Amino acid sequence: MLKITLPDGSVREFPSGVTGMEIAKSISEGLARNALSIEVNGEIRDLSRTITTDASIKIFTWNDAGGKYAFWHSSAHLFAEALEALYPGVKFGIGPPIDNGFYYDVDLGDRELGEEGLQAIEKKMAELAKVASPFLRKDVTKQEALEYFTAKGDPYKLELINDLQDGTITFYQQGNFTDLCRGPHLPNTGFIKAIKLLNVAGAYWRGNEKNKMLTRIYGITFPKAKELEEYLHLLEEAKKRDHRKLGKELELFAFSEKVGMGLPLWLPKGAALRERLEQFMRRAQVKAGYDPVVTPHIGGKSLYVTSGHYEKYGKDSFQPIATPDVGEEFLLKPMNCPHHCEIYKVRPRSYRELPVRLAEFGTVYRYEQSGELHGLTRVRGFTQDDAHIFCRPDQVKDEFKKVIDLVLHVFTALGFENYTAQVSLRDPNDKKKYIGADELWDRAEREIQEAADEKGLKTVAVQGEAAFYGPKLDFMVKDALGRSWQLGTIQVDYNLPNRFELEYIGADNQRHRPVMIHRAPFGSLERFVAVLIEHCAGNFPLWLAPEQLAILPISEKFNDYAREVLSELKLKDVRGFVDDRDEKIGRKIRDAEVSKTPYMLIVGEKEAGAKQVSVRKHGQGDLGTLSLGDFIEKITADAAMPI
RNA sequence: GCCGAAGUAGCUCAGCUGGUAGAGCAACGGUUUCGUAAACCGUAGGUCGUGGGUUCAAGUCCCAUCUUCGGCUCCA
């Protein structure tokens, strides 16, 4: 008999060879009905597989990530089965489950897949799901696997099998479709009740742009039709928060073909928002001991040759600007650090004055690939809340921790709770991509991890994500549609100080090399604003709102009083406007609500006579009447910058 | 940059198999002076992204190009 430990710690005995499904049934009928997969000693498996050793198990249903994983993995196979039935001879790449659904990369040859095609496949999938074909697992030898896909004529699968070790290869079959797969899968296709193929995209085979581009079909499935409906509804709602849509509706920013793609134009309201964020950061930085500096938008080419940026990015960048004097070349600055290094070098530095912290809202230009441009999150001209800290080696960790505090302060003040702190390390298999000695990299990577740990920050380490000159701690935040963006970043750099030959005189009267920390809590103002818009769906906190209130006279007769109220508010730095259009009050309220103005002050005969305002709050409605003095007190308190 | 899709008035969108552009909102003019989410009447507004081509005739078909969207690759 086997001892099977359940998640609650209880131990039950089963004969050797018991299946996960049998265990589920022994617990309850309901669990057996909803069971999708099982975790056995930490490994997720099919419910139909036999267990032959003592084990701790957990049975996964739709409510567990492990259950969804199997569900969507099986859905990918169901998709493949349907696709093959409708498009014979199609070749398959990989088809994994993802956070929301699954995708499958396929080579359709010269056939195309459109909207009608997707619908036909959905229909076929539904038909095949109804049959409830079991997923059959089979161990195969490498030889058998190669023979099967050679006969089938699927070069991608052959490539995958060639990279696998004999003895670890399994096939799964449902209906007429057999795939190379390590599983796990659902008991049968019948669990899949609601199916939607979402979109078609191109994707390079094995993620390498030198390889052929396959067709990737994204889809999602659910155990119930209602859940699919809810998901699609959620997607629609998310689209309403898209910063590109809200940016246009709220008149925050715009693009112009004449100005150029990826070059945002900040409209007055967007500029007001951005300016408030800058003020907020300036204050926080002054408090943290930073010195503001200003540097030009272009720099001599040799500056970037020295920094290494020219060699790394030169050819993929905006090309050098020529001047009438032959031989002069300037680059639009893609980074502020080289300029700041030159500021550091204006005079000899003493160990006593370190750390030197130079801060600048530096606008930089990068020639991003055209297909990468995306609203404000990926642009070709943007402003970083950049700063470079020049410090002694013994100060690195402490300085790094102070920067973490600053970044977290920003995130807290703006209500970003769902961020991921990512330690971005070198790709150990491709060290050519980076500059600098191994031991300096190891040291920098260690210092970042230690600083994060000592701050109690939960981090995920990702290899291959470092900058070419040093490792980073990146703060990642998701947008409305679940795409992940890097906002704040902190980087330890031992390399640029070498390249720029930065020095300080130590207590020993010898020359020493400082360490640089690059950091930008927002990252870029553009991207930060984009994510902020989506985060609050355009309902900015009062201290940031471009227009904090609209003053709405009941009729033209009260326009003068409204203007009087506005000028008093302006004296207290409250941002607002008088809606003096010849419209009814209902209309003015509606327009103010739609434009997400935080407060509306309705003024008519009653208010004008008593120096009062009727206060209405966005999304909440009428709050009643206050004296103007009381309202000013209230709003100035509410609108304080969170510092 | 690559694969695929889309571009019609300021905005959101209609325009079937080619017959010569339409709605709502916004704008402008007038009437109305109004108490918590859209007053009424009228006017004007488009080389249908751009450039070629096919045709008696192109928003509609073909080619090229630009931009946008969804992914991929990239992201100092």
Side-chain angles (χ1 to χ4, degrees), chain A residues 103 105 108 112-115 198-218 239 242 244-245 248-249 251 255-258 260-262 304 307-314 316-317 333-338 364 366-375 377-380 384 386 424 434-435 465-470 472 474 481 483 485-486 489 491 493 496 518 520 524 527 552-559 582-594 600-607 614-625:
Chain A
Y103 68 79
D105 286 346
L108 293 162
E112 280 183 6
L113 193 54
E115 191 54 40
L198 295 161
N199 48 39
V200 182
Y204 298 109
W205 167 236
R206 301 198 125 183
N208 187 332
E209 64 179 323
K210 294 193 180 74
N211 287 342
K212 183 167 181 180
M213 185 161 270
L214 305 181
T215 305
R216 174 171 298 179
I217 297 95
Y218 285 87
K239 279 184 190 154
D242 190 316
R244 292 166 297 186
K245 183 176 160 67
K248 190 187 267 188
E249 286 171 4
E251 298 189 324
F255 289 91
S256 144
E257 284 191 25
K258 282 213 175 87
M261 58 164 128
Y304 306 103
S307 71
H309 289 98
Y310 186 79
E311 193 195 342
K312 182 89 181 157
Y313 297 104
D316 306 317
S317 236
K333 80 170 163 188
M335 278 302 279
N336 302 299
C337 28
V364 296
R366 298 177 184 175
Y367 190 81
E368 305 289 4
Q369 296 183 46
S370 59
E372 269 314 321
L373 300 176
H374 185 98
T377 50
R378 195 75 184 272
V379 287
R380 285 179 169 169
Q384 298 175 314
D386 209 359
S424 301
Y434 310 93
I435 58 171
E465 290 294 309
F468 74 92
Y469 51 74
K472 312 187 283 175
D474 293 324
L481 291 167
R483 290 174 287 225
W485 298 97
Q486 176 203 304
T489 178
Q491 311 166 5
D493 181 5
L496 287 191
H518 308 240
S524 97
R527 181 176 291 175
L552 314 179
I554 295 288
S555 84
E556 226 166 61
K557 287 187 283 192
F558 310 105
N559 282 354
D582 177 15
E583 293 288 352
K584 302 207 318 192
I585 195 66
R587 175 54 181 278
K588 293 181 184 180
I589 286 168
R590 184 189 144 78
D591 288 350
E593 289 280 355
V594 168
M600 286 145 273
L601 301 183
I602 289 114
V603 295
E605 193 166 6
K606 206 169 65 188
E607 292 80 7
S614 271
V615 183
R616 184 186 164 99
K617 195 162 185 186
H618 172 74
Q620 289 180 25
D622 196 352
L623 299 186
T625 306

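Below, each value reflects all heavy atoms present in this structure, side chains not excepted, and no hydrogens, waters or symmetry copies. Computed from a prediction, not measured in an experiment: that's the story for all the values here. Within every chain, numbering begins at 1; the chains are lettered A, B, ... in the order of the sequence lines, protein sequences first and strands thereafter.
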Indicate, yes or no, whether a donor-acceptor pair under 3.5 Å links the base of [N] to the side chain of [X].
{"X": "A:E368", "N": "B:rG1", "value": "no"}
{"X": "A:D582", "N": "B:rC34", "value": "yes"}
{"X": "A:Y204", "N": "B:rG1", "value": "yes"}
{"X": "A:S614", "N": "B:rU36", "value": "yes"}

Look at the side-chain N and O atoms of [X] and state whether any lies under 4.0 Å from the OP1 or OP2 oxygen of [N].
{"X": "A:K472", "N": "B:rA76", "answer": "yes"}
{"X": "A:H374", "N": "B:rG70", "answer": "yes"}
{"X": "A:R378", "N": "B:rC69", "answer": "no"}
{"X": "A:R380", "N": "B:rC75", "answer": "no"}

Which pairs, protein N/O on one side and nucleotides 3-7 of chain B N/O on the other, fall under 3.5 Å?
| residue | atom | partner | partner atom | Å |
| --- | --- | --- | --- | --- |
| B:rC3 | O2 | A:G202 | N | 3.1 |

With distance as the sole test, does A:K212 use its side chain to make a donor-acceptor pair with the main-chain N or O of A:W205 at under 3.5 Å?
->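 It does not hold such a pair.
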What interatomic distance, in whole Å, is found between C1' of B:rG1 and the corresponding atom of B:rG46?
->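 Result for the C1' pair: 35 Å, nearest Å.
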With a non-hydrogen cut-off below 4.0 angstrom, is A:S307 in contact with a base, only sugar-phosphate, or nothing?
->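 No contact.
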Selection: residues 584-591 of chain A, any non-hydrogen atom under 4.0 Å of RNA chain B =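 Heavy-atom contacts with RNA chain B come from A:K584, A:I585, A:G586, A:R587, A:I589, A:R590.
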Identify, between A:S317 and A:E209, the residue whose nearest nucleotide on RNA chain B lies closer to the 5' end.
->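 Closest to the 5' end, via its nearest nucleotide, is A:E209.
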Would you kindly compare A:K248 and A:R527 by the position of their nearest RNA chain B nucleotide and give the one closer to the 5′ end?
->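 Mapping each residue to its closest nucleotide by heavy atoms, the 5'-most match is A:K248.
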Check whether any side-chain heavy atom of [X] sits under 4.5 Å from a side-chain heavy atom of [Y], and report yes or no.
{"X": "A:R616", "Y": "A:L552", "answer": "no"}
{"X": "A:Y304", "Y": "A:P334", "answer": "yes"}
{"X": "A:M261", "Y": "A:R380", "answer": "yes"}
{"X": "A:E311", "Y": "A:F468", "answer": "no"}
{"X": "A:S317", "Y": "A:H309", "answer": "no"}

Just say parallel, tilted or perpendicular for the rings of A:Y218 and A:Y103, cut-offs at 30° and 60°.
->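 Judged by the thresholds at 30° and 60°, the geometry between A:Y218 and A:Y103 is tilted.
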Proximal nucleotide (of B:rG70, B:rG35, B:rA76) relative to the A:R483 side chain =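 Output: B:rG70.
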Salt-bridge criterion met for A:E605 and A:K557 (N-O under 4.0 Å) =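 No, A:E605 and A:K557 are not salt-bridged.
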Which nucleotides of RNA chain B pair, in dot-bracket form (Watson-Crick or G-U under 3.5 Å, | meaning another strand) | (((((((..((((.....[..)))).(((((.......))))).....(((((..]....))))))))))))....
Please answer whether B:rA76 and A:Y313 are stacked, defined here as ring centres separated by less than 5.5 Å and planes angled under 30°.
->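 A:Y313 vs B:rA76: stacking yes.
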Length of the CD-P vector between A:E607 and B:rU36, whole Å |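 One finds 12 Å between P of B:rU36 and CD of A:E607, rounded.
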